[in-house]
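Residue numbers start from 1 in every chain, and the chains themselves are labelled A, B, ... in the order their sequence lines are given, proteins ahead of strands.
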Number of protein chains: 2
Amino acid sequence: MTARQDPARRRPGPRRALTEDEILDAALSLLDAGGVQAASIRGIAAQVGVAPNAVYTYFPDKAAVVRALVERLLGEVDHDVFADRGRPWRERVEALALDLRAHLSAHPGAVSLMIGGRMGGPHALALNERLLELLADAGLPPTDAARASYLLIVHVFGSIALEVADPHQVGPLPPETERIAARRQALASMPVERFPRSAAAAATMADFISTEQYLWGLRRLLDGLATWGDAASTR
Amino acid sequence: MTARQDPARRRPGPRRALTEDEILDAALSLLDAGGVQAASIRGIAAQVGVAPNAVYTYFPDKAAVVRALVERLLGEVDHDVFADRGRPWRERVEALALDLRAHLSAHPGAVSLMIGGRMGGPHALALNERLLELLADAGLPPTDAARASYLLIVHVFGSIALEVADPHQVGPLPPETERIAARRQALASMPVERFPRSAAAAATMADFISTEQYLWGLRRLLDGLATWGDAASTR
DNA sequence: ACCTGAACACCGTTCAAGT
DNA sequence: ACCTGAACACCGTTCAAGT
């Protein structure tokens, strides 16, 4: 994804005016400011002060830019917060989940890009590796750890994807208090007679801090893994 | 989303040449054949034999077409398979989850459209209502049912989103055997020394039928809900 | 009311040319 | 090797005009 040239033999022409990182900086700032559609090749080029097609000197196509950007964001996750083997494994999973969520929510526009691709770069794999180590520490045999890690990944990315799924807004997620107010307002348009339970559920959920629901789900999931692990060990 | 005209007072001009459903048919066939980018307003118009801007007589903008399409797909889910209150609630949840998965996997291109929006139409709400009824039957108090239903929705849509996340392919998902072969082939490019656990996990998971992993995760999740429900009832 | 042709302001990507 | 201008084949959407 990175170094294309070995810094030896590069004879003619000007040195490159840009770095791949500068291009990704521009892409990310456009993504944050204007959402997915604002992060165009032409927009990036304009931002870094270059002709649109110059970007193709650094990346073969737009998909490569997106992959590199996703990789960079995943690389920002701090592994230390859940690498501490002294703490209970459930706490470590929660720390990882919260850290991932914090990083992804900071760039709502990037979430759909992550889900849209395969997330198979080195940083993605490194995170997966840590999660599998963690589940091995928890006592899960390798096959179960594999399944459990995938389940956890689905929860983390699925939760955040549904959370940021609001095409109206661009830019950073508004503070939680504003989002509660917006949800409450949306309730008014819900036909209560036809969908009484959904209306009641929406009214209840509107007040939840999103992080609360995220962690609640994660804990139910960990409960499921634990009971099943226990059942397996007594089999 | 539908009827814009009451069939009274419509005096001048030609009767409308199309129906909203014909437009959605075209959108869906393009989506299935060529993925999200093929389902363009211009493509739809060409498919139904009309100028691009004629579509705007039926829908205010592309987002409205997408919303209507999502609603239609969600409306195709058969409520009977999980409405039977005689069966155990876990079986009913599994039936719903499998049915939803079958419908969504039939149109891989539509998955990102569903996650990208709010899914707040009548059919989406009707499904949510059924799920909440089901969880109430299971004995969950309303607040817990609300949280649990959201958790289940995250699992269903998150699983399918990650599953179809392969921008290379368009059209229907290949049969499971082909996908296993593809996953096995992708393993070759994984750096085993750097990511031993991920490599082993990928090797294991490659052989799993996806439906198997989907149901495995769902059951862990239901286990978590059950233990927690029990704990709550003994509180 | 519904459809059309033409246009506007965008895309991603390619190609030939300059240095 | 890197960048440019120009072009190609697309988008979604709007507008004035026809019936």
Per-nucleotide pairing state of DNA chain D [Watson-Crick or G-U, under 3.5 Å; [ ] pseudoknot-crossing; | other strand]: ||.|||||...|||||.||

Nearest non-hydrogen partners of [X] and [Y], listed with the distance:
{"X": "Val154(A)", "Y": "Leu162(B)", "result": "CG2-CD1, 3.7 Å"}
{"X": "Phe82(B)", "Y": "Arg130(B)", "result": "CE1-CB, 3.4 Å"}
{"X": "Tyr150(B)", "Y": "Glu163(A)", "result": "OH-N, 4.2 Å"}
{"X": "Leu31(B)", "Y": "Val36(B)", "result": "CD1-CA, 3.7 Å"}

Nucleotide of [options] approaching [X] most closely (side-chain heavy atoms):
{"X": "Arg16(B)", "options": "dC2(C), dT4(C), dT13(C)", "value": "dC2(C)"}
{"X": "Pro52(A)", "options": "dT4(C), dG12(D), dT13(C)", "value": "dT13(C)"}
{"X": "Tyr58(A)", "options": "dC2(D), dT13(D), dG12(C)", "value": "dC2(D)"}
{"X": "Ala17(B)", "options": "dC3(C), dT13(C), dT4(D)", "value": "dC3(C)"}
{"X": "Ala51(B)", "options": "dG12(C), dT14(D), dT4(C)", "value": "dT4(C)"}
{"X": "Val50(A)", "options": "dG12(C), dC3(D), dT14(D)", "value": "dC3(D)"}
{"X": "Thr57(B)", "options": "dT13(D), dC3(C), dG12(C)", "value": "dC3(C)"}
{"X": "Ala54(A)", "options": "dC3(D), dT13(D), dG12(C)", "value": "dC3(D)"}

Measure [atom1]/[X] against [atom2]/[N] and give the value in whole Å, please.
{"X": "Ile23(A)", "N": "dC3(D)", "atom1": "CD1", "atom2": "C1'", "answer": "12 Å"}
{"X": "Ile41(B)", "N": "dC11(C)", "atom1": "CD1", "atom2": "C1'", "answer": "16 Å"}
{"X": "Glu22(A)", "N": "dC2(D)", "atom1": "CD", "atom2": "P", "answer": "14 Å"}
{"X": "Tyr56(B)", "N": "dC15(D)", "atom1": "OH", "atom2": "P", "answer": "12 Å"}
{"X": "Phe59(B)", "N": "dG12(D)", "atom1": "CZ", "atom2": "C1'", "answer": "16 Å"}
{"X": "Leu30(B)", "N": "dG12(D)", "atom1": "CG", "atom2": "P", "answer": "11 Å"}
{"X": "Gln37(A)", "N": "dC11(C)", "atom1": "CD", "atom2": "C1'", "answer": "11 Å"}
{"X": "Lys62(B)", "N": "dT14(D)", "atom1": "NZ", "atom2": "P", "answer": "15 Å"}

Chi angles and distances behind the salt bridge (Lys or Arg N to Asp or Glu O under 4.0 Å) call for Asp207(A), Arg184(A): CA-CA 8 Å; Asp207(A) 283 336; Arg184(A) 289 224 146 271; 3.0 Å; yes

Presence of salt bridge, Glu129(B) and Arg194(A), under 4.0 angstrom: no

Atom CD of Gln37(A): over 12 foreign heavy atoms under 6.0 Å: no

